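Below, each value reflects all heavy atoms present in this structure, side chains not excepted, and no hydrogens, waters or symmetry copies. In the text below, chain A, chain B and the rest are named by the order of the sequence lines, each starting its count at 1. Just so it is clear, the structure is predicted and the values come from calculations on it, not from any experiment.
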Protein chains: 2
Amino acid sequence: MTVQAKDDANPDVHRWEKLPQTTWAVLGLLSFGRPLTGYQLKKWADAILAFFYWSPAVSQIYSELRRLESMGLAESELVAGKETHQKRVYAITPAGREALTWWQAEVDVEPPMLKHTVALRVWLGHMADPSRLTGLLREHADRCTALATAADAAAEASESEPDFRFPAMVAEWAASYYRSEVRHAENLLSQVESLSASELGPRESSVGTAAPTGPDPVDP
Amino acid sequence: MTVQAKDDANPDVHRWEKLPQTTWAVLGLLSFGRPLTGYQLKKWADAILAFFYWSPAVSQIYSELRRLESMGLAESELVAGKETHQKRVYAITPAGREALTWWQAEVDVEPPMLKHTVALRVWLGHMADPSRLTGLLREHADRCTALATAADAAAEASESEPDFRFPAMVAEWAASYYRSEVRHAENLLSQVESLSASELGPRESSVGTAAPTGPDPVDP
DNA sequence: CGTTGCATGTAAGGTGTTACATGATTAC
DNA sequence: GTAATCATGTAACACCTTACATGCAACG
């Protein structure tokens, strides 16, 4: 009765059913077996989870931990540092492992959520100065280059560790992802440049004054 | 005094400062000049915005529209259909254009937010059956292929329209993005497969029972 | 004549953020 | 000794979703 992924008769399952993704992400951090404090969890989330999943605020991590403990999926121990200064170290419980395994096997994967602020700006490029757009694309590309390098470093650090094979794989995945982002951004950048170059003559945007033209946004 | 992107003396600017991205996205939909109802806006958001930005719920679109109108950035007109059945059609105002231009020029771009649920599942692959992982990666790849095709169609539909050059560019960008997603997913998929194949002999996961090993998640 | 689409809106509640508050420890 | 880091937590609030409620229009 250690791990029963398919046991829908498990009376706890209905309590796990509506937990948000973030809860599972935090429990997932604990599932690597290391007891950690909320503060350490936040640092780890920033360093690794942030590559592919929004890193929650510190205060939220603490409340997630309290929730996990109240549900028996994690347990905490007070560790005294020097004098009276205590810190709370959280560890996953067997029930927590069972829950995670159940989640992996049974819970549908929600569609990935993307809020690509840079694409949004370019999409509304008719309300912006072209140089502003190229600037922000350049910035984005640079940020992604840095992230790709960081992801590579993370991948290399985990590669040799047998318990970290999946994180290593995802770190490599993240590196590819961010390098693709760079390519896509640079592609957009050159398009914006050639567009603004070709419009040096016939300036004066028609959007806003012209009658509604273009593809019907409602009924394509 | 039609458009003053840099006019920080504008007394309205401080009211615009903390508007969430979603508000700008909705106002952006209106900035293409077409007066639209909340319902139409939602459909458009689902069709186009969803490629690169989370499409808000219907009810939220309505409240965003009310907020935009209360701030003078959009205005609505009641249009009577047949008998007493009215619908409210929203249009951007000059102040709305001014606000959008100011936003594009002055407001910092928030970092893109990614919640890649599939990567999260693979990252926690040690708690899952390998066949489950490959299945969900396959599903993800298929979904992305469909999205890429749809983005191509959207790009082609806007390409000829001069007012929709930026949306066309972003649609092309989205097509590339989702095709990269497919490649990355398939790459991960083959890695998961080769990993599970190589572990047919020495099974029994050590994670959870072994003492904490692997890269220090806190202090790298 | 019933189902699907169009169209609008309210209410409740959860998710997640920012700001604030506190204090010990470590490093320079 | 003072700055940065470690460490925890509360309170307020904004964002956003789900569920619900309503009714017309159009298609078959």
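- Residue B:Thr22 has its side chain nearest to D:dC16 when only C:dT17, D:dC16, C:dT8 are considered.
- Distances were taken from every side-chain heavy atom of B:Arg66 (C-beta onward) to each of C:dG9, C:dT8, D:dT17; the shortest belongs to C:dG9.
- When each of C:dA7, D:dC6, C:dT17 is scored by its nearest atom to the side-chain atoms of A:Lys43, the top-ranked nucleotide is D:dC6.
- For the pair A:Leu124/B:Leu27, no side-chain contact is recorded, criterion being any heavy-atom separation below 4.5 Å from C-beta on.
- In this structure, A:Ser63 does not reach the C:dG16 phosphate: none of its side-chain N or O atoms is under 4.0 Å from OP1 or OP2.
- When distances are taken from the side chain of A:Thr37 to each of D:dC15, D:dT8, D:dT10, the shortest belongs to D:dT8.
- The interatomic distance linking A:Arg67 (CZ) with D:dG9 (P) rounds to 16 Å, in whole Å.
- For A:Tyr39, taking side-chain heavy atoms from C-beta onward, the closest of the listed nucleotides C:dG16, D:dC6, D:dA19 is D:dC6.
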> Under the ring-ring contact (aromatic ring centres under 6.0 Å, His included) criterion, do B:Trp103 and B:Trp16 qualify, and how do the steps go?
Replying inline: CA-CA 8 Å; B:Trp103 172 71; B:Trp16 302 340; over 10 Å; no

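- Between the side chain of B:Ser59 and the base of C:dT8 there is no donor-acceptor pair of N/O atoms closer than 3.5 Å.
- In the set D:dT10, C:dG9, C:dT17, C:dT17 carries the atom at the smallest distance from any side-chain atom of A:Ala57.
- Rotation axes derived from the C1' atoms of the five outermost pairs at either end of the helix from C:dC1-D:dG28 to C:dC28-D:dG1 lie 40° apart, to the nearest 10°.
- Picking from D:dT17, C:dT17, D:dC6 the nucleotide with the shortest atom distance to the side chain of A:Gln60 gives C:dT17.
- A salt bridge (charged side-chain N to carboxylate O under 4.0 Å, His left out) check over residues 144-159 of chain A, counting only residues at least two apart or in different chains, returns the pairs A:Asp152-A:Arg179.
- Checked options A:Trp173, A:Phe52, A:Tyr178; the residue passing with B:His116 is A:Trp173 (criterion: ring pair (Phe, Tyr, Trp, His ring centres under 6.0 Å)).
- Here B:Arg66 does not pair with B:Glu69 in a salt bridge; the nearest charged N to carboxylate O distance is not below 4.0 Å.
- Contact of the A:Gln40 side chain with the A:Arg34 side chain is not registered, since no non-hydrogen atoms from C-beta on lie closer than 4.5 Å.
- The side chain of A:Pro20 sits closest to C:dT15 out of D:dG9, D:dT17, C:dT15.
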